[in-house]
Amino acid sequence: MIKLVNALGAEKSLPETIIFKQVSLDLHLPFQQLYGRDGAVKTGKTTIPPRQFVLDGRIYYPGDKGRIERELDSILSFLMHPPIEVYRLHTHDRFLRAYPLGAPQDWIDLGIELGLRIPMIALDPYWYGQEVTVQIDGMQTITVDGTAPTYPLITTAGSVSNLTVSNLLTGKEFTVAGATGAIEVDNAEYTVTVDGINRLDLVNEDWFLAGFDLLPGQNQITTNTPITITYHPRWY
């Protein structure tokens, strides 16, 4: 069965007769054709566009039209709170974070069976695993699952006057200095706060250019003060 979790934290398993069988992974390659010559030249970085997919099947409870309608009402009201975490099976621990694009219905045999399609789009095309939280003081190696880089949320254990964190696997480092307080660096959203106040002016310029990420495998992290690293492993 497909498992769904909506933005309210509610969980729902769809009927076994609704399936999720086609999962696209498209790549966008920007290029420019050569005038008067064969072929083309690459003009930018290859990117992954949003994923589109369909949850497709039927709701069928022989002799119980009311149960079909109640199941449909439950699904539709659940989908009204996106984004939806979509697990291909209820036993899986990876999900796509997606938005429903509708729910076309096809009532069959005088209403004793319902055909249902739920087209969805995952604007963020990566599969995500469950949240991981690691406490680090000094130097520590953490092993990151997945196949794609992930961008962690890093917070200090308390009030500090500066923060320097580096990842020897990637060679990337960031520093926040110039104010005292609890520091939070969101490497996915590119935000830096000190005691909840936005302070992007305190972070080093290289962070804006290169960012800070964790790669699949062993990442050796060093920090000048105790920190908490929170992340979701990602898969292509």
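Just so it is clear, the structure is predicted and the values come from calculations on it, not from any experiment.
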Inset, instruction - Determine the minimum heavy-atom distance between Tyr99 and Pro83, stating which atoms define it. - result: CZ-CB, 3.7 Å
Legend entry - Partner residues of Phe31 under the ring pair (Phe, Tyr, Trp, His ring centres under 6.0 Å) criterion, sequence neighbours left out: none
Legend entry - Smallest separation among heavy atoms of His92 and Tyr87, with atom names: O-CD2, 3.4 Å
Legend entry - Heavy-atom closest contact (Glu173 atom, Asn204 atom, distance): O-ND2, 3.5 Å
Inset, instruction - Report yes or no: does Thr147 contribute a side-chain atom to a donor-acceptor pair with the main-chain N or O of Tyr236 at less than 3.5 Å? - result: yes
Inset, instruction - Compute the ring centroids of Tyr151 and Phe212, then answer whether they are less than 6.0 Å apart. - result: no
Legend entry - Distance, nearest 0.5 Å, that separates CG of Asn198 from OG1 of Thr193: 7.0 Å
Legend entry - Side-chain donor-acceptor pair present, Glu184, Thr155, cut-off under 3.5 Å: no
Inset, instruction - Can you measure from OG1 (Thr17) to CD (Glu113) and round to the nearest 0.5 angstrom? - result: 8.5 Å
Legend entry - Flag side-chain contact, heavy atom, 4.5 Å: Ile221 against Leu169: no
Legend entry - Residues Glu85, Arg94: salt bridge by 4.0 Å N-O rule: no
Inset, instruction - Apply the side-chain contact (heavy atoms from CB on, under 4.5 Å) test between Thr156 and each candidate in Leu163, Val176, Thr228; give the one that qualifies. - result: Leu163
Inset, instruction - Scan side-chain atoms only and decide if Trp207 and Asn187 contain a donor-acceptor pair under the 3.5 Å cut-off. - result: yes
Inset, instruction - Would you give the length of the straight line joining atom CD1 of Ile183 to atom CG of Leu202, rounded to the nearest 0.5 angstrom? - result: 8.0 Å
Legend entry - Distance, nearest 0.5 Å, that separates CG of Leu89 from CD of Glu16: 10.5 Å
Legend entry - Row check, Phe20 ring normal vs Arg88 NZ/CZ: under 6.0 Å, within 45°: no
Legend entry - Residue pair Ile227 / Thr223: nearest heavy atoms and the distance that separates them: CG2-OG1, 3.6 Å
Legend entry - Within-4.5 Å side-chain heavy-atom neighbours: Met120 and Val54: no
Inset, instruction - Could you tell me whether the side chain of Leu72 reaches within less than 4.5 Å of the side chain of Leu76, counting heavy atoms only? - result: yes
Inset, instruction - Given side chain to side chain contact (heavy atoms under 4.5 Å, CB included), test Val160 with Thr180 step by step and report yes or no. - result: CA-CA 5 Å; Val160 298; Thr180 299; over 6 Å; no
Inset, instruction - Would you indicate whether the side-chain heavy atoms of Pro233 and Pro216 approach each other to under 4.5 Å? - result: no
Inset, instruction - Would you check if there is a donor-acceptor pair between the side chains of Lys12 and Ser74 at a distance under 3.5 Å? - result: yes
Inset, instruction - Could you tell me which non-hydrogen atom of Val132 sits nearest to which non-hydrogen atom of Val134, and how far apart they are? - result: CG1-CG2, 4.0 Å
Inset, instruction - Check for a donor-acceptor pair, side chain of Asp186 on one end and backbone N or O of Tyr190 on the other, with a separation under 3.5 Å. - result: no
Inset, instruction - Determine whether Ile108 and Arg58 make a side-chain contact, defined as any pair of heavy atoms from C-beta on separated by less than 4.5 Å. - result: yes
Inset, instruction - Classify the side-chain pair Asn224/Asn162 by whether it contains a donor and acceptor separated by less than 3.5 Å. - result: yes
Legend entry - Student check: side-chain heavy atoms of Ile142 and Ile136 closer than 4.5 Å: yes
Inset, instruction - Check Ala7 against Pro82 and note the closest heavy-atom contact, atom names and distance. - result: CB-O, 3.4 Å
Legend entry - From CD1 (Ile18) to CD1 (Ile118), nearest 0.5 Å: 5.5 Å
Inset, instruction - Please examine the side chains of Thr175 and Val203, heavy atoms only from C-beta on, and report whether any two atoms are closer than 4.5 Å. - result: no
Legend entry - Spacing of His90 atom NE2 and Leu14 atom CG [to the nearest 0.5 Å]: 12.0 Å
Inset, instruction - Using atom types as modelled and distance alone, determine if a side-chain donor or acceptor of Lys172 lies under 3.5 Å from a backbone N or O of Ala210. - result: yes
Inset, instruction - Would you mind reporting whether Val41 and Gln33 have side-chain heavy atoms less than 4.5 Å apart? - result: no
Inset, instruction - Check for a donor-acceptor pair, side chain of His232 on one end and backbone N or O of Gly129 on the other, with a separation under 3.5 Å. - result: yes
